[in-house]
Asks: 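Before anything else, here's the structure in question.
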Amino acid sequence: MWKSQFSINVIGNILIPHRHRKPRFIAWVKVFLAYLVMIKEDLYQYWDETLLDASMTPQTIYLERILNLLFERTDIFIDEGYTLGPWIFRDTETADPEFYMDLDDSFVFNNEDAIWVDFTVNIPTILGSVTSHISALVHKYKLPGKSFIIQKF
């Protein structure tokens, strides 16, 4: 709203002395002010593009909001973290000495090999092709030192 109220051309016309307010002189002033008008419009466009980045914080609710806004969805959500693991491997792979069998052909590492994840980004399977883009966005806005995984549902 305030963007449309400010006009450089109107200010230029007001600042022209009365005796010089002839159509040719006014056109000449508008030509010289056209570059400033273009810079002002580019600045407003840049403000609109970066408004979302400027209002961004590393809180998970903001991460959810930006992901839902960028992908025009409402079902992307972030959960609390949990422990990942223990890991299941086939018996043909090498293993540490401490393991137990859950099936005849696999073993599971002990709980010391588990990894704690700080939060989980849950996305629908239809967004499976853009997981690298989602990961880059979350890496950009998350707090340093926090870890996450992306799960499809």
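In this text the structure is predicted, and so the values were computed from the model without any measurement.
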Asks: What distance do Leu67 atom CG and Tyr62 atom OH have between them, rounded to the nearest 0.5 Å?
Replies: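 Here the rounded value is 14.5 Å.
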
Asks: With sequence neighbours left out, write down each residue that passes side chain to side chain contact (heavy atoms under 4.5 Å, CB included) with Leu36, or none if nothing qualifies.
Replies: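 Partners of Leu36 under the side chain to side chain contact (heavy atoms under 4.5 Å, CB included) test: Ile8, Leu33.
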
Asks: What distance do Lys30 atom NZ and Ile16 atom CD1 have between them, rounded to the nearest 0.5 Å?
Replies: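 Here the interatomic distance stands at 9.0 Å.
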
Asks: Would you mind reporting whether Phe119 and Ser147 have side-chain heavy atoms less than 4.5 Å apart?
Replies: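 Not touching, per the 4.5 Å side-chain cut-off.
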
Asks: Can you tell me how far the OG atom of Ser135 sits from the CD1 atom of Ile149, to the nearest 0.5 Å?
Replies: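 If I round to the nearest 0.5 Å, the distance is 11.5 Å.
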
Asks: Just wondering, do Ile26 and Pro23 contact through their side chains at under 4.5 Å, heavy atoms?
Replies: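 Sidechains of Ile26 and Pro23: no contact.
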
Asks: A quick test of your reading: do over 12 heavy atoms of other residues, nucleotides or ligands sit less than 6.0 Å from CG of Leu69?
Replies: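 Yes, because the 6.0 Å sphere around CG of Leu69 holds more than 12 heavy atoms from other groups.
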
Asks: Working to the nearest 0.5 Å, report the span between CD1 of Ile78 and CG of Asp118.
Replies: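 Here the interatomic distance stands at 12.0 Å.
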
Asks: Taking a hydrophobic cluster as the set of Ile, Leu, Val, Met, Phe, Trp and Tyr residues connected by side-chain heavy atoms closer than 4.5 Å, whether directly or through intermediates, do Ile39 and Ile11 fall within one such cluster?
Replies: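 No.
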
Asks: If you look only at pairs with a residue in residues 68-77, which of them pass as a salt bridge (charged side-chain N to carboxylate O under 4.0 Å, His left out), with sequence neighbours excluded?
Replies: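 Passing the test, one end in residues 68-77: Arg73-Asp75.
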
Asks: For the backbone of Tyr46 and the side chain of Thr50, can you confirm whether one donor and one acceptor N or O come within less than 3.5 Å of each other?
Replies: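 Yes; at least one donor-acceptor contact below 3.5 Å.
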
Asks: Please work out which of the three classes, parallel, tilted or perpendicular, describes the rings of Phe153 and Phe77, given edges at 30° and 60°.
Replies: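 Phe77 vs Phe153 ring planes: tilted.
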
Asks: Classify the ring geometry between Trp28 and Phe32 as parallel (under 30°), tilted (30 to 60°) or perpendicular (over 60°).
Replies: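 Trp28 and Phe32: perpendicular rings.
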
